[in-house]
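Please read all numbers here as calculations on a predicted model, not as lab measurements. A note on names: the letters A, B, ... follow the listed sequences, proteins ahead of strands, and every chain is numbered from 1.
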Amino acid sequence: MDKIRVDYTLDLRGEPCPYPLIYSLEILAKMVAGQVLELIADCPQSFRSVPEEAVKQGYKLVAGPFKEGSVLRFYLQK
Amino acid sequence: MKQWWHGSYAPLPVVITLGILSAAYFGVLGTVWAVTGEFTRWGGHLLQLAGYPIEQLSYLKIIKMDVMPWQRVDGWVVFGMFFGALIAALSGGNWKLRVPIQKRRLVQGLIGGIIAGFGTRLSMGCNLAALFTGVPQFTLHAMLFTIGTIAGTWFGLKIALSSWFLGTPKIVAQKGSIVQAALQLKKSRQPWLALVVLVVFFIIVGTYFTKGLSALATAALFGLGFGWLIEKGQICFTSAFRDLWISGRSTIAKALIWGMGIQTLGTAWFIAHGTPAKVMWAGSGAILGGLLFGIGIVIAGGCETGWMYRAMEGQIHFWFVGIGNVIGATVLTLLWDKGIYQVLVAPWPKVDFVKLYGWPAAFFIVYGFLALLYVFIRYVEKRKSFTSLVKLPLGENILGKREENLTHG
């Protein structure tokens, strides 16, 4: 499976909505183009809304979402 | 096993199915799919336990609470929903006890829950009876509540993003380290537990049927379906409007309109065949209640149905929201006779479009309302793309620099 070069890890576990989406989009906005953000979440809602919205805003979903038990992980590139 | 058991579902077909089931529920049981009236009664039972003379509270007479929760339809639809959401969470391996890292979230959940609980009862219904299953009853109060709720979510978001509520994200700079994308995991045992819970549920329902309590058992079965669907589809009414203001996300909001549009055909058929429509006072109480509800659900992170399925996924935060709802609804019942009814409710009529204007006009009004709502959502969606809303307190500014650590390749 793919190996990914990661610049930042954002741990969203335990955070209720809308903070996963807000945190992710705010942080992506401040990153440098080309950098990769690793997101770890455990709310099934974020599993859907965060990658969808990030892609809609022009970021690239480079890997995932991977579901490991009830924890979700995905990688977004600016 | 199959995707329908383990997987999650796309929201649109789920909401349309919920619409059809809601219409069927109305036709079969003669009442709308609702939950907060029941939470209010739980508050009433608690007051009674504490020795409060609840006979004096006229609100509790309006919503009737002569029997215990397990003896009424509204009670069993709620229990069924808890079962359905729990089974759905387990079948997908999504059950996990989750405590927020930032403890302020629990206080936030409780406060938001109280505001939402109060607002929902002020307008005689939540995202269900005054919105999703309310609008298809051809009643003006549900439309006023819907407008109030949409506006409320805008204010709620401002509050949720204020510095105290915003909190600090947990972010770590990795300086280009390499991670393995996908891990191999052993299979979850949770789906088996889901089967066990399902069997327990069917034993209870079966017992009720054999005892001749078929209305309660039917409500429980509908509840199971509702709970299962909202968890599998992650149907969050709060996100429907809140996420419009964040990034123009409209997936759930549009799905809700389709769900209501289809449901309206079903409810119309039943109303025309003699089931009385659920119509409530359409005035300042409905608008103000909607506004408070919208503010409360965004602060809390979920509305009445939203906290129910998330609580069943093991999210502790939403247990606090649920407790908040019961408290808020109870406060409303206590204040109802102390001026709220006189000032905000009594001066306004119950507006039933069918009785007032006849079927063609009633259809025109409901579908016109839904169409306007759709146009409004499309407008916000097209106009709004994400722009920075807050300044995150990130401590030392770790972002915005190119971290070069080439030893990691």
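- If you measure heavy-atom distances from A/Y19 to chain B, the contacts under 4.5 Å come from the side chain alone.
- Only the side chain of A/V71 comes within contact range of chain B, judged by heavy atoms closer than 4.5 Å.
- A/L25 touches chain B through backbone and side chain together, each having a heavy atom under 4.5 Å away.
- Comparing B/I101, B/N94, B/V99, B/T251 by heavy-atom pairs within less than 4.5 Å of chain A, the highest count is held by B/N94.
- Taking a 6.0 Å sphere around NZ of B/K382, one finds it holds 12 or fewer heavy atoms contributed by other residues, nucleotides or ligands.
- When side chains are defined from C-beta on, B/Q102 counts as touching A/E15, because their heavy atoms get closer than 4.5 Å.
- In terms of the salt bridge (Lys or Arg N to Asp or Glu O under 4.0 Å) criterion, B/K384 has no residue partners (sequence neighbours excluded).
- The interface of residues 310-317 of chain B with chain A, defined by heavy-atom distances below 4.5 Å, comprises B/R310, B/E313, B/Q315, B/H317.
- Within a 6.0 Å sphere centred on CZ of B/F155, heavy atoms belonging to other residues, nucleotides or ligands number 12 at most.
- Of residues 104-115 of chain B, those residues lying under 4.5 Å from chain A by any heavy-atom pair are B/R105, B/Q108.
- Neither the backbone nor the side chain of A/K78 comes within less than 4.5 Å of any heavy atom of chain B.
- If you check the side chains of B/T305 and B/N127, you find a donor sitting under 3.5 Å from an acceptor.
- For B/F226, the ring-ring contact (aromatic ring centres under 6.0 Å, His included) criterion is met by B/Y25, B/W33, not counting sequence neighbours.
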